[in-house]
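So the structure is just underneath, and the comments pick up after that.
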Protein chains: 2
Amino acid sequence: MTHSFDALIAMEDPADGAQSTSGAGLGGPRTVTARTHPAWANMVGPYGGATAAQALAGITSDPRAQGRPAALTVNFAAPVDEGTMEVVVDPVRTNRSNQHWTVRIDQESGTVLTGTALLARGRETFTDTELSVPDVPVPADVDITPYTMALPWMENYVFRIVSGPPTAASASSETVMWVSQAQRRPWDHVSLAAACDVFFPRIFARTGTPSPAGTVSYTVYFHTAPEALAAQGEHLLCRAAASRFHEGHFDQIGHVWGEDGELLATTTQLVYFKGV
Amino acid sequence: MTHSFDALIAMEDPADGAQSTSGAGLGGPRTVTARTHPAWANMVGPYGGATAAQALAGITSDPRAQGRPAALTVNFAAPVDEGTMEVVVDPVRTNRSNQHWTVRIDQESGTVLTGTALLARGRETFTDTELSVPDVPVPADVDITPYTMALPWMENYVFRIVSGPPTAASASSETVMWVSQAQRRPWDHVSLAAACDVFFPRIFARTGTPSPAGTVSYTVYFHTAPEALAAQGEHLLCRAAASRFHEGHFDQIGHVWGEDGELLATTTQLVYFKGV
């Protein structure tokens, strides 16, 4: 049976040659078709991480792609409707060691996502991780957190919240949790792009109660190579906190580590909120 | 005399109507012309913050702009050549409370910058700053840091490094500094977008010596309103650190506070480096 994530990121090639990139050089927009998947639905429209993964998959599955994802930023411009979407990707610059892409997702209602991505070839350089890993119990020693909201996408992951649940008010919005996939699948950059959005909105952790909130801008910096990611265990250690809530938005700074303590990604968001 | 920053962000409207947006609705690309400014030159090409500011100014000066900058991400795709550049901006979605833009800068060599921006209307909501202000002496009690590199753009700012200079090796890449404009000018979102890039590359703070490095992706989340920014004092408190250096890239997480302790921006980068 196909993993629901593989079904989600499956891209249909342009039906006719006209939609495809011209033969004249490497650049130029190319449109592929994706569709929403019921297993990845959120309260309204799909889980943002799923749509971000579709945007990135449109790039990484492009025959012109060179290198592995290093940076991804997507802005959620409007609600994503259930059904098909056109993913328009364009490798605007291919340099010796990296490749710059733009991405846009269009539906009948108009553009629902805009974004940019950087692919890069790994190079051996000075390596050091400054950020220390949170001191937490191993996943087996943390209880699985029961779902408090019946959202389809959450069933794709198993959450083990160590601190900062969405159900208790706190002076800090920080959450630390172990997250794994309900149906096991080796990690790759596209599934990591989806997983970096697993944090519920930081305002929930402050107030201890859900309220309307939605990511407007979402960034992932990928710190590691495909082989290292694929060799990771199933559990990701995820930590996020807001710096400031003000005028209807808050930021979120997150980090995601592999089970062995390797820092896999730095991820940030700007999130819209209201009703608080 | 025109402030060099105002000269930098001056945009020439399209010379003929054909370049301008069509009358059919609010959306559609519009091209304005900007040019590099010698006062904002870096070692190779302009200071990245200057180019980011030009990208944002192309948006904020557009007659269709609604709201104040909330998020900006630009990717530096190729070196910016001295001279003119076309700034192509497009308000892809205008919602009730925000507006999503894409931006691209083209030169003769091709596309040199891609990006996205979010404008938003400020709304009164829950407000709180979780991140505490670094405990540092007031600007008057910190010596001005002498320039160690003769880079034109640096002369636009006065640096007072409190900790983490680029001239001493350290186990931490964190730098804390006060930064002000050499020629006083009230702060606004565009000048803040430029100033959020004032951090020298974090690898310098680790190794204590300059080496080739360049920002590839640059993000600013703006936490405050135009009036609050304009009322700020001249000095910004700036702190940045890397999480991980690996495979030729490192991330940078930065925060910028106003003189009165208000958190003005969260800013992140992915930076290319080599030779270390």
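As a basis for the values below, the full set of heavy atoms in this structure was taken, side chains included, without hydrogen atoms, waters or symmetry mates. Letters go in sequence order (proteins before strands), and every chain restarts at 1.
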When only pairs under 4.5 Å are counted, which of R121(B), Q269(B), Q99(B) shares the most heavy-atom pairs with chain A?
Q269(B)
Please determine whether side-chain hydrogen bond (donor to acceptor under 3.5 Å, both in side chains) holds for the pair R104(B) and T116(A), giving the CA-CA distance in whole Å, both sets of side-chain angles, and the decisive distance to 0.1 Å.
CA-CA 11 Å; R104(B) 201 178 73 232; T116(A) 57; over 6 Å; no
Contact summary for [X] and [Y], nearest pair of heavy atoms:
X       : Y       : result
T266(A) : S243(B) : OG1-OG, 3.7 Å
R244(A) : T224(B) : NH1-CB, 4.2 Å
L270(A) : A70(B)  : CD2-O, 3.5 Å

Between chain B and each of A171(A), G115(A), G122(A), S173(A), count heavy-atom pairs under 4.5 Å; write down the option with the most.
S173(A)
Between T207(A), L263(A), N98(A), who has the most heavy-atom pairs with chain B when the cutoff is under 4.5 Å?
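Answer, by heavy-atom pair count under 4.5 Å with chain B: L263(A).
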How long is the span from the CG atom in N75(A) to the OG1 atom in T102(B), to the nearest 0.5 Å?
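N75(A) CG to T102(B) OG1: 10.0 Å, rounded to 0.5 Å.
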Can you find a heavy atom in the side chain of R93(B) that is under 4.5 Å from one in the side chain of T114(A)?
no
Y272(A) and R123(B), any side-chain heavy atoms less than 4.5 Å apart
yes
Answer with side chain, backbone, both or neither: which region of T268(B) has an atom nearer than 4.5 Å to a non-hydrogen atom of chain A?
both
Per-residue contact mode, [X] against chain B (heavy atom under 4.5 angstrom):
X       : value
S97(A)  : side chain
T94(A)  : neither
A225(A) : both
S172(A) : both

May I ask you to decide if A77(B)'s main-chain N or O and N95(A)'s side chain share a donor-acceptor pair within less than 3.5 Å?
yes
Say whether, by atom type as modelled, one donor and one acceptor occur between the side chain of H223(A) and the main chain of F245(B) under 3.5 angstrom.
no
Could you please state which residues from residues 248-257 of chain A sit under 4.5 angstrom from chain B, measuring non-hydrogen atom to non-hydrogen atom, sorted by number, or 'none'?
G248(A), H249(A), D251(A), I253(A), H255(A)
Report, by ascending residue number, the residues of residues 208-220 of chain A in heavy-atom contact with chain B at a distance under 4.5 Å; give 'none' if the set is empty.
V216(A), S217(A), T219(A)
Charged N to carboxylate O below 4.0 Å: is that the case for R206(B) and E130(A)?
yes
State whether R68(A) and E247(B) are salt-bridged, where the test is any N-O pair (Lys NZ or Arg NE/NH1/NH2 against Asp/Glu carboxylate O) under 4.0 Å.
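Counted as a salt bridge, because a side-chain N and a carboxylate O are separated by less than 4.0 Å.
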Quickly, which of T125(B), T127(B), D128(B) forms a side-chain hydrogen bond (donor to acceptor under 3.5 Å, both in side chains) with H246(A)? Name it, please.
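The single option meeting the side-chain hydrogen bond (donor to acceptor under 3.5 Å, both in side chains) with H246(A) is T127(B).
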